[in-house]
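A quick write-up on the structure given underneath.
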Number of protein chains: 2
Amino acid sequence: MEPEVAIWREYLKKRGMRKTPEREAIVKEVLSFGEHFDVDSLWLRLKKKSGVSKASIYRTIPLLIDVGLITEVYLENGHMHYEYVYGREHHCHLRCTNCKKTIEFSDDRLTAIEHELGAKHGFVTNGLKVEILGLCPKCNRLK
Amino acid sequence: MEPEVAIWREYLKKRGMRKTPEREAIVKEVLSFGEHFDVDSLWLRLKKKSGVSKASIYRTIPLLIDVGLITEVYLENGHMHYEYVYGREHHCHLRCTNCKKTIEFSDDRLTAIEHELGAKHGFVTNGLKVEILGLCPKCNRLK
DNA sequence: ATCATTGCAAAAGCTTTGCATAAGA
DNA sequence: TCTTATGCAAAGCTTTTGCAATGAT
């Protein structure tokens, strides 16, 4: 079993929460998604198989964030997106403001900056999100 | 007159858009705000004076973003916030996930990373947003 | 006189919630 | 058995939009 699933089940058990087929299906789907997702795309995938309701997805997502498996991603789309983050240090995006194409990257200098700034202001830091906006080669050519 | 106001009027004129009392009031209020704001807080401030409707605020904000006076800020509050950015190079936040206290900072290394990554992927970059999340000294003590 | 802009209220879209039913532990 | 979790539908919020009236140029 993936360690993520074990962590998840442990999280539930510790709080007297139940291991239900719906929660299992959601976690499994999130793990297999391997990219950004939103509630609707997750629901569409799940519908084909197990028929989990959107309400359950909305109720499960805060738990997945709390346990550290996913994080919120703010795209310029009017609704929330999420990404799988367990075991990844930070989550940076280079995004085209025109076609929304997104390239993920990471850079050790960012981790250094995170820790430096945290120390300077007395924060215990817990993650770094970076978005670089611009036009991708294709959209730049067209404008 | 502030250069921002001149830029704004120029922007409108160029597109055959009109200089209305409502738009003037909105820009003036945004310039005087000097901090993060959202539609509701802007509307409350404006209501006392000129009575601009929320619809007009919602219709004006994309223009202010387009002209480069403000940018969207994603807080974990379920609705959009904005900040004044004209003449500022980039906009980085160190934010407490508990009490939402936010410290702004900037770091030249980030600009370097922006340009490097843009060049690497052929993007024409146009801005960088950084959020470092964590617990501020006060909230960290309480937990 | 035109035609962009406004305000209002309705609509839209995402997310949350109340409640009766189902089902883990 | 005792609660927690689910699904559905309704409610809640923010944001967008249609339309008649207003007003800038």
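Proteins come first, then strands; the chains are lettered A, B, ... in the order of their sequence lines, and each starts at number 1.
How far NE2 of B:His93 is from CG of B:Leu133: 11.5 Å, rounded to the nearest 0.5 Å. Interatomic distance, A:Leu63 CG to A:Tyr11 OH, rounded to the nearest 0.5 Å: 5.0 Å. How far CG of B:Leu75 is from OH of B:Tyr82: 11.0 Å, rounded to the nearest 0.5 Å.
A:Arg15 has its CZ atom 19 Å from the C1' atom of C:dG24, to the nearest Å. Taking atom CG on A:Leu42 and atom P on C:dC14, their separation rounds to 15 Å, with Å as the unit. Between the CE atom of B:Met80 and the C1' atom of D:dC13 there is a distance of 14 Å, given to the nearest Å. Spacing between atom NZ of A:Lys14 and atom P of D:dT4 amounts to 19 Å, rounded to whole angstrom units. We find that CD1 of A:Ile57 is positioned 13 Å from C1' of C:dC14, with the value rounded to whole Å. Distance B:His79 NE2 to C:dG13 C1': 17 Å, rounded to the nearest Å. The distance between atom CZ of B:Arg23 and atom C1' of D:dT25, rounded to the nearest whole Å, is 13 Å. D:dT17 atom P lies 17 Å from atom NZ of B:Lys54, rounded to whole Å.
Not a single donor-acceptor contact under 3.5 angstrom links the side-chain atoms of A:Arg18 to the base of C:dA25.
The backbone N or O of A:Ser56 sits less than 3.5 Å from a side-chain atom of A:Thr60, completing a donor-acceptor pair.
Between A:Tyr84 and A:Tyr86, the ring planes lie tilted relative to each other; the angle falls in the 30° to 60° range.
Counting non-hydrogen atoms under 4.0 angstrom, B:Lys19 reaches the backbone sugars and phosphates but no base. Among the atoms of the strands shown, base atoms are found under 4.0 Å from some heavy atom of A:Arg59. No contact: A:Pro62 has no heavy atom under 4.0 Å from any strand.
Along DNA chain C, the nucleotide nearest to A:Met17 and the one nearest to A:Asp40 differ in position, and the one closer to the 5' end is contacted by A:Asp40. Mapping A:Gly16 and B:Ala55 onto DNA chain D by nearest heavy atom places A:Gly16 closer to the 5' end of the strand.
Here B:Ser53 does not reach the OP1 or OP2 of C:dC8: none of its side-chain N or O atoms lies under 4.0 Å away. Close to D:dT15, at under 4.0 Å from its OP1 or OP2, lies a side-chain N or O of B:Tyr58. Put simply, A:Thr20 has a side-chain N or O that comes within less than 4.0 Å of OP1 or OP2 on D:dT6.
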